[in-house]
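What follows is a single structure, written as structure tokens, with notes after it.
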2 protein chains.
Amino acid sequence: MKNVAALAGVGIKTVSRVINGEPNVSAVTTARVRAAADSLDFHPDLHARNLRRADGRSSTLGLLVGSVGNPFSGAMHRAIEDLASTRGVAVFASSLDDDPDREEVAVSAFLRRRVDGLILTTVSKSQGYLLPELRRGTPLVFVDREPAGVEADVVVSDNAAGAAAATRHLLSFGHRRIAFLGDRTDIQTAQERRRGFLEELGRAGVATADIPVITGLHDEDAANRALIALLESEHPPTAVFSSQNLITIGAVRGLRELGLHRTIALVGFDDVPLADLLEPGITVVAQNPSEIGRLAAERIFARLDGDRSAGRTYVVPTELITRGSGEMRPK
Amino acid sequence: MKNVAALAGVGIKTVSRVINGEPNVSAVTTARVRAAADSLDFHPDLHARNLRRADGRSSTLGLLVGSVGNPFSGAMHRAIEDLASTRGVAVFASSLDDDPDREEVAVSAFLRRRVDGLILTTVSKSQGYLLPELRRGTPLVFVDREPAGVEADVVVSDNAAGAAAATRHLLSFGHRRIAFLGDRTDIQTAQERRRGFLEELGRAGVATADIPVITGLHDEDAANRALIALLESEHPPTAVFSSQNLITIGAVRGLRELGLHRTIALVGFDDVPLADLLEPGITVVAQNPSEIGRLAAERIFARLDGDRSAGRTYVVPTELITRGSGEMRPK
DNA sequence: GTGAAAGCGCTAACAT
DNA sequence: ATGTTAGCGCTTTCAC
């Protein structure tokens with residue numbers, strides 16, 4: 001900027017005014033400064049600006065997700081970026097792989113970069129470590145998983161209700177022995193889905209005592225093996241509710257391997273790519289990651305714009321999409 | 001930092017030393033400073049540090065992709081993050097949607113934030129606008145698409161060779177009338193794939209004059225309609241090479257709609273999720289987005305570490321994965 | 001309409 | 001082993 005000022009033959013403050021579109025600069029000076037800036041290929045340093053500025057905003061957001069490589073995170077990320085970019089805000093993203101240590105490291109990395117807000121899929125047991133930052137006024141939105149011990153905005157899918165809807169769907173086709181394939185129980189959304197499943201069975205008057213509820217499945221392979229073991233057991237289920245993406249895919253593979261994909265009903269939680277092209281198509285309770293991302297970003301910006309209301313939980317509805325696998329009656 | 005110094009009863013430089021792990025601070029002082037920093041929940045400001053530091057590194061990378069929501073970009077992004085995080089470097093990502101205007105805006109946004117390097121899937125006609133920045137020493141790596149008019153590192157898939165392999169595969173099953181379904185011809189990778197396809201036909205002595213080569217398809221729907229029109233024409237092809245992800249999916253839908261998915265052979269470029277669970281499974285030439293991302297990040301860091309060698313093009317091999325759809329003979 | 005000086009949070013270079 | 005001063009690139013404040 002000093003160089004631009006020198007080249008244009010004006011004071012440094014005048015360059016600042018032109019770059020920031022402030023008033024009180026004559027048209028000729030503006031043109032001279034513009035020309036000088038262009039010829040030097042000048043890009044103003046946003047960090048230096050941020051250092052001195054009254055509001056201290058870095059025009060930067062931090063996003064913490066399971067993995068930037070997974071489609072759910074990607075869709076959320078995209079929705080956040082779309083809103084952020086209209087405000088000239090850039091988005092940092094970091095993958096946690098369900099590792100609480102990585103969460104703390106990543107949060108700290110973002111705070112050192114003075115992000116204006118943080119959107120996170122938390123994986124820690126407790127989020128108390130974020131309290132000082134919250135008090136400092138950094139907007140914080142939890143997505144996909146609810147925090148413990150922190151009052152903040154939260155955006156989640158309707159996990160229990162979605163799971164209940166899936167269960168009701170299977171019940172309506174006459175199934176009574178429905179297996180539940182679940183993720184690790186320390187994951188909060190996994191608990192909610194299990195709760196929704198069991199409560200719906202309760203409402204329907206199905207004794208849950210001999211219902212196979214398997215948890216702790218965290219990848220395709222584990223789900224695949226668990227389902228196969230179940231189907232080869234004494235009392236195999238007539239239907240399966242797979243409560244997560246990868247579990248659903250593992251379950252589909254399991255059913256294929258045993259040639260039971262047209263016999264055993266399956267409903268999954270969370271949509272799966274190309275699910276409609278399989279035979280049968282996979283019936284799922286779809287989440288809406290774009291809407292979750294959009295809402296989260298909206299909350300961040302509302303807070304930055306001065307909203308001081310108490311933290312709220314926003315529940316994004318899920319949608320049952322029937323494609324065939326969930327509409328088979330018990331043999 | 002001033003506050004920490006005051007609380008610990010030491011000079012500000014001593015705090016700086018402790019925070020940065022510099023030597024020549026006594027154990028007791030270190031402990032006092034640490035305690036003060038913790039109690040104030042102090043996070044050093046990386047931007048302020050960057051402003052003064054000799055190397056002027058922001059520990060930040062900019063990534064420009066088609067969309068952070070698509071799986072190819074996601075996998076690349078993840079690989080880049082994995083390497084970057086080992087160096088404490090955070091990654092900004094931005095989606096371009098094949099819009100050159102967005103490219104310039106996004107690049108400028110990242111330069112203003114003084115990223116240490118830029119990894120980009122360029123969509124502009126010419127990348128000359130990046131020359132000043134290159135000369136300034138900012139490492140630049142082009143991924144997935146080769147630039148024009150800029151000498152820099154480039155990491156791409158083996159587009160022509162992959163397309164040739166797919167074509168050879170179909171030829172080996174006796175197909176002679178193979179349709180080509182291609183993306184917009186202004187996209188460089190699309191051109192390469194078409195070239196590989198046609199050259200392989202040439203090598204096999206197949207007259208390309210009456211081979212249906214359709215380009216300008218950019219989404220599922222367009223591909224779907226184009227293929228259906230082709231199959232209902234006078235001389236339908238016996239096999240199809242779909243040269244991109246979405247085109248492949250559109251083509252599969254088209255074949256299904258006409259009930260020809262077990263009759264017309266299909267090989268796609270770029271892998272498709274769950275392709276192995278379809279019936280028949282979709283044979284593809286798979287790219288390796290993780291490896292592309294890893295290599296790109298590696299090049300950036302090599303440059304930052306002082307590598308001054310001339311820009312090179314790195315070609316990441318593709319892999320033919322046979323799953324059924326490509327192994328059908330002509331009726 | 002314009003510019004000079006001070007200061008944002010930190011580190012480099014030099015004291016002590 | 002520790003502290004002081006200047007200055008990174010910008011904005012704020014205030015003077016012209």
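Just so it is clear, the model here is predicted, and its values are computed rather than measured. Throughout, a chain's letter reflects where its sequence line sits, starting with A, and its residues are numbered from 1.
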Where the side chain of B:Leu51 is concerned, which of D:dC10, D:dC8, D:dG3 is the nearest nucleotide?
D:dC8
A:Lys2 NZ to D:dT11 P, straight-line distance once rounded to whole Å
15 Å
Short side-chain N/O contact from A:Ser26 to OP1 or OP2 of C:dT2, under 4.0 Å:
yes
Report the relative orientation of the aromatic rings in A:Phe110 and A:Phe92; use parallel for angles under 30°, tilted for 30 to 60°, perpendicular for over 60°.
parallel
Respond yes when some side-chain nitrogen or oxygen of B:Thr29 is under 4.0 Å from OP1 or OP2 of D:dA1, and no when none is.
no
For A:Asn24, which contact category applies under a 4.0 Å heavy-atom criterion: base, sugar-phosphate, or nothing?
base
Which residue lies more 5' along DNA chain D, comparing B:Val25 with A:Ile12 via nearest heavy atoms:
B:Val25
Just checking A:Pro44: base, sugar-phosphate only, or nothing, at a heavy-atom cut-off of under 4.0 Å?
sugar-phosphate
Looking only at atom types and distance, does a side-chain atom of B:Ser157 sit under 3.5 Å from a main-chain N or O of B:Asn159, one as donor and one as acceptor?
no
I need the CG-P distance between B:Asp55 and C:dT11, as an integer number of Å.
12 Å
Within this structure, what is the CE-to-P distance between B:Met1 and C:dG7, rounded to whole angstrom?
18 Å
Distance check needed: C:dC8 P versus A:Asp45 CG, whole Å only.
18 Å
Pair B:Arg312 + B:Glu151, salt bridge at N-O below 4.0 Å:
no
Using whole Å, report how far NE2 of A:His43 lies from P of D:dC10.
12 Å
B:His47 has an atom NE2; how far is it from atom C1' of D:dG9, in whole Å?
14 Å
Under 3.5 Å between N/O atoms: give me all the protein pairs with nucleotides 13-16 of chain D, atom names plus distance.
none

Does the side-chain hydrogen bond (donor to acceptor under 3.5 Å, both in side chains) test come out yes or no for A:Tyr129 and A:Glu103, once each step is laid out?
CA-CA 11 Å; A:Tyr129 74 97; A:Glu103 176 173 329; 2.6 Å; yes
Treating A:Glu81 as the side-chain partner and A:Val91 as the backbone partner, does any N or O pair qualify as donor plus acceptor under 3.5 Å?
no
Under a 4.0 Å threshold between the charged nitrogen and the carboxylate oxygen, would A:Asp82 count as salt-bridged to A:Arg78?
yes
Euclidean distance, atom CD of residue B:Glu22 to atom P of D:dG3 [Å, nearest integer]:
14 Å
B:Asn50 CG - C:dA12 P separation (whole Å)
11 Å
Pick the closest DNA chain C nucleotide for B:Phe42 and for A:Thr14 by heavy atoms, then say which residue is nearer the 5' end.
A:Thr14
Give a yes/no answer on whether the side chain of A:Ser16 brings an N or O atom under 4.0 Å of OP1 or OP2 in D:dC10.
no
Is it the case that the side chains of B:Asp98 and B:His218 hold a donor-acceptor pair, with the cut-off being a distance below 3.5 Å and no angle test?
yes
Where the side chain of A:Arg114 is concerned, which of C:dG3, D:dT12, C:dC10 is the nearest nucleotide?
C:dC10
Do B:Arg145 and B:Thr122 have side-chain atoms, one donor and one acceptor, less than 3.5 Å apart?
no
A:Asn20 side chain near D:dT11 phosphate (N/O to OP1/OP2, under 4.0 Å)
yes
